[in-house]
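Take a look at the structure set out below.
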2 protein chains.
Amino acid sequence: MISFDGLRLEEGRPIYLQIVLHIKRGIVSGAIADGDELPSRRILSALLGVNPNTVQKACRALEEEGLITSHAGARSFAVVTPETIAACRAELVRGGAESWARSARGLGLGLDEALELIREVWDNPKEEEQ
Amino acid sequence: MISFDGLRLEEGRPIYLQIVLHIKRGIVSGAIADGDELPSRRILSALLGVNPNTVQKACRALEEEGLITSHAGARSFAVVTPETIAACRAELVRGGAESWARSARGLGLGLDEALELIREVWDNPKEEEQ
DNA sequence: TTAACTGTATTATACGCATAGTACGGTTGC
DNA sequence: GCAACCGTACTATGCGTATAATACAGTTAA
């Protein structure tokens with residue numbers, strides 16, 4: 001059964017996309033394996049405290065990307081292949097890195113400063129001093 | 001006069017927040033100095049191809065954060081102090097770094113892999129191969 | 001002074017996201 | 001077979017974002 005314990009919903013971004021992202025992260029990190037079972041729409045919506053329609057929207061998006069299979073009446077399951085792993089990994093890790101690198105460069109940082117900053121926040125993400 | 005040439009609006013995120021972000025980036029990078037003049041709401045909305053109300057919403061948010069001053073009838077100006085620079089820098093650079101680092105760690109990357117990835121995408125953000 | 005421009009406010013419409021409630025038919029296990 | 005559960009679909013409402021069209025008062029420069 002796919003776990004959603006680590007998913008903390010943030011406001012400001014569409015919930016259904018956060019659910020999609022959680023699944024993709026699980027696929028990339030290996031927490032989700034091929035054939036893993038999803039909680040039912042109703043159960044998952046109760047777990048997350050959101051509307052069943054929101055969960056359904058996330059599942060619909062996941063199915064359109066080929067990351068889960070759904071059949072009326074039966075549970076849904078993850079579809080994890082080397083291809084889907086690579087696609088999700090490219091989308092999440094590299095896409096995020098490119099986005100942050102572009103942003104940091106636009107802010108006037110140099111590569112060395114950027115690398116140092118990543119090193120700093122890697123183990124102490126909550127440090128407040130400046 | 002504050003420039004908006006480098007601002008390319010993306011769909012999917014609120015336009016008014018993208019305008020706010022553009023100002024904050026300018027403050028952090030030094031492109032915007034204290035007292036710099038903003039284009040009028042109408043002019044800026046025409047430049048960006050968005051509704052004047054959207055620009056007004058961004059300006060209202062900026063004024064509430066103390067990053068610009070607005071007086072009815074007169075132009076608006078940037079308010080750049082060491083404090084606002086530090087606040088924007090912390091919000092943009094460090095916040096983004098923490099966010100990406102947390103994401104990358106959740107995806108199973110190690111620090112060395114993360115640093116190598118940043119190095120890779122720093123100069124070639126559009127590389128497609130994998 | 002006055003005309004042009006400014007920031008600001010208002011009403012209305014449209015769309016996406018999220019919610020609420022309900023309903024239908026397929027699958028599963030007893 | 002049948003009850004319980006499942007995925008799926010639908011209508012309706014509310015909210016935030018973005019648009020459109022005005023309107024009004026303050027500022028500025030000729």
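For A:Asn51 and C:dA20, the CG to P distance is 6 Å, given to the nearest whole Å. Rounding to whole angstrom units, CG of residue A:Leu62 and C1' of D:dT8 are separated by 16 Å. The distance between atom CD of A:Glu10 and atom C1' of C:dA18, rounded to the nearest whole Å, is 17 Å. The interatomic distance linking A:Arg75 (CZ) with C:dT27 (C1') rounds to 11 Å, in whole Å. For A:Asn53 and D:dG7, the CG to P distance is 13 Å, given to the nearest whole Å. If you take NE2 of A:His71 and P of D:dC5, they are 22 Å apart, rounded to a whole angstrom. What separates CG of A:Leu44 from P of D:dC6 is a distance of 11 Å, to the nearest Å. The distance from atom CG of A:Leu17 to atom P of C:dC17 is 7 Å, rounded to the nearest whole Å.
Side-chain nitrogen and oxygen atoms of A:Thr54 include at least one within less than 4.0 Å of the OP1 or OP2 phosphate oxygen of C:dT19. Taking side-chain N and O atoms only, B:Arg60 has no distance below 4.0 Å to OP1 or OP2 of C:dT8. Proximity of B:Lys57 to the phosphate of D:dT17: a side-chain N or O atom is located under 4.0 Å from OP1 or OP2. Look at B:Ser40 and you'll find a side-chain N or O under 4.0 angstrom from OP1 or OP2 of C:dT6. Between B:Arg41 and C:dT6 there is no side-chain N or O to OP1 or OP2 distance below 4.0 Å.
Between the CZ atom of B:Arg89 and the OG1 atom of B:Thr84 there is a distance of 12.5 Å, given to the nearest 0.5 Å. Distance check: B:Leu62 CG to B:Ile27 CD1 gives 7.5 Å after rounding to the nearest 0.5 Å.
Comparing atom distances between the B:Val50 side chain and each of C:dT19, C:dA18, D:dT19 picks out D:dT19 as nearest. Closest approach to the A:Ser70 side chain among C:dC17, C:dT6, D:dT8 is made by D:dT8 (side chain taken as heavy atoms from C-beta onward). Here the side chain of B:Glu63 is nearest to one of D:dG7, C:dT8, C:dT19, namely C:dT8. Comparing C:dC17, C:dT27, C:dG7 against the side chain of B:Arg42 picks out C:dG7 as the nearest. The listed nucleotides are C:dT27, D:dT28, D:dT19; the one nearest the side chain of A:Ala74 is C:dT27. Residue B:Tyr16 has its side chain nearest to D:dT17 when only D:dG7, D:dT17, C:dA18 are considered.
Here the options are A:His71, A:Glu63, A:Arg41, the test is side chain to side chain donor-acceptor pair (under 3.5 Å), and the partner is A:Ser76; only A:Arg41 passes.
Residues B:Val79 and B:Phe77 are not in side-chain contact: their nearest non-hydrogen atoms beyond the backbone lie 4.5 Å or more apart.
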Q) Please walk me through it: do A:Leu7 and A:Leu9 pass side chain to side chain contact (heavy atoms under 4.5 Å, CB included)? A) CA-CA 6 Å; A:Leu7 177 52; A:Leu9 296 177; 4.1 Å; yes
